[in-house]
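Beneath this line is the structure, given in structure tokens, with notes to follow.
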Amino acid sequence: MPKVKIGIVGSRFQADCIAASVKAMPEEMEVVAVASPSKGSAEAFARRHGIPAFYSDYHEMLRDPAIEMISITAPNRLHARITIDAAAAGKHVVCEKPLCVTLEEADAMIDACAKAGVLLMYAEELFFAPKYVKAKQMADEGAFGRVHLVKQGEKHSGPHSDWFWDVEQSGGGALMDLGCHGIAFCWWFLGKQKVKSVYAQLSTQVNAARTQGDDEAITIIEFENGALGVVENSWNRPGGMDDSIEVFGSKGQTYADMLMGNALPTYSEVGFGYAVEKASSTKGWTYPVFEEHWNYGFPQEMRHFARCVRGTEKPISDGETGRVVQEVLYAAYASAGLGRKIMLPFRPKGIAKPIDLWKKPELAQAAL
Ligand SMILES: NC(=O)c1ccc[n+]([C@@H]2O[C@H](COP(=O)([O-])OP(=O)(O)OC[C@H]3O[C@@H](n4cnc5c(N)ncnc54)[C@H](O)[C@@H]3O)[C@@H](O)[C@H]2O)c1
């Protein structure tokens, strides 16, 4: 089958990850274009990754009839607009997390793609991370009996780009940025059950001078069958990215540390090139990872999406997945605002961004 031709929107952190991940699976897909507005960056990105075409305006890229699938790696506030434009141009869409900023945007993205007859695929790579996939396979086989508690944590020292810290552009803090992974993970791991309630404790412990957003977040998700998901997020953990899970059932448990658990415990007095995402130093004791993208599942995720475009697989992470996550994010911010558990469905209308439900509890109260 011919390779799926991909255009990337954005040319920085996640765009690099997607381009490298596609290159790791060269039989089934290729990046043929990139679009990014900052002067020269699309061109530099194209040269770095050997991509033939580059644009400063993604609308121009969407006019290329050869492109079948768009990967959106632009800031959160642009996800909905770009998805709707890509769908109108007849392109399948892979959208990075979180799906968007508001529930209305989620609805509009899903509708636009359905109307255009294109796929909307939600890029939650934890569904493809080999260690986590193994944990789920064992759970589904019954290895742990009835699973009643799933924990997922993603923590690091804070985002690399300014827009994440500006809640007008991001929609929220560590919960929105990192918690979207844990919410999706617990939901997926427990068989995509309905969410019954959400409780969250949010605070800004270290970065109040830099952001209105939460930099510490603990979220408890109660599922229909009584099982719990616990999601822990932080922008205050120096020492490199920490991504791990714990799974508990009536007959057993498993633990997986995606990065440190796959790393080489290393001591160096002089340091070296690179250890792991967001590690500020490589001197002293560090945990350098290898096959970082593979351990996260990015190449496997993009291969799955390419196969979905070819019709040989069905998306295991789609617009609906992103909308479930978005509703839980709304409920979590509302919970923190009101200091109580929020029952789902919880779909308040007209909320400009999830974090408003924490900062203005009256909005959350009015939605109950
Ligand atoms: N799945 C993951 O683990 C993961 C990891 C990192 C980021 N992300 C997500 O990917 C998205 C991008 O994050 P990032 O870390 O790459 O951010 P970044 O700041 O490093 O890059 C953002 C890119 O978007 C481009 N951009 C800005 N406005 C644009 C526009 N109007 N049209 C086209 N491009 C535009 C910028 O020029 C830049 O190249 C975010 O939604 C983020 O949450 C996901």
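Numbers here are sequence positions counted from 1. All ligand and atom numbering here is 1-based and tracks the order in the structure.
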Does an N or O from Ser11, backbone or side chain, lie closer than 3.5 Å to an N or O of ligand 1?
yes
Any chain of hydrophobic side-chain contacts (each under 4.5 Å) joining Phe248 to Ile245?
no
Got a sec, which pairs hit salt bridge (Lys or Arg N to Asp or Glu O under 4.0 Å) with one end in residues 46-57, sequence neighbours left out?
Asp16-Arg48, Glu43-Arg47
Of Arg12, His160, Arg81, which has the heavy atom at the shortest distance from atom 14 (P) of ligand 1?
His160
Looking only at side chains, do Asn76 and Gln169 share a donor and an acceptor under 3.5 Å apart?
no
Less than 3.5 Å apart, any donor N or O on the side chain of His59 or Asp85 sitting next to an acceptor on the other?
yes
Under 3.5 Å: N/O of Pro75 near N/O of ligand 1
no
Between CD1 of Ile351 and CG of Leu103, what distance do you get to the nearest 0.5 Å?
9.5 Å
Would you check whether Glu124 reaches within less than 4.0 Å of ligand 1, judged by its heavy atoms?
no
Phe45 touching ligand 1 at heavy-atom level, < 4.0 angstrom:
no
Please state which protein non-hydrogen atom is closest to atom 12 (C) of ligand 1 and give its distance, to 0.1 Å?
Thr73 O, 3.1 Å
Tyr296: heavy atom below 4.0 Å from ligand 1, yes or no?
no
Listed once per pair and sorted, the salt bridge (Lys or Arg N to Asp or Glu O under 4.0 Å) pairs that draw on residues 265-275, sequence neighbours left out:
none
Polar proximity ligand 1 side, Lys97 side, N/O cut 3.5 Å exclusive
yes
Does any N/O atom on Glu96 come nearer than 3.5 Å to any N/O atom on ligand 1?
yes
Is there a donor-acceptor pair under 3.5 Å between the side chain of Gln193 and the backbone N or O of Leu190?
yes
Look at atom 35 (C) of ligand 1 and find which of Gly10, Ser170, Pro37, Cys180 reaches it with the closest heavy atom.
Pro37
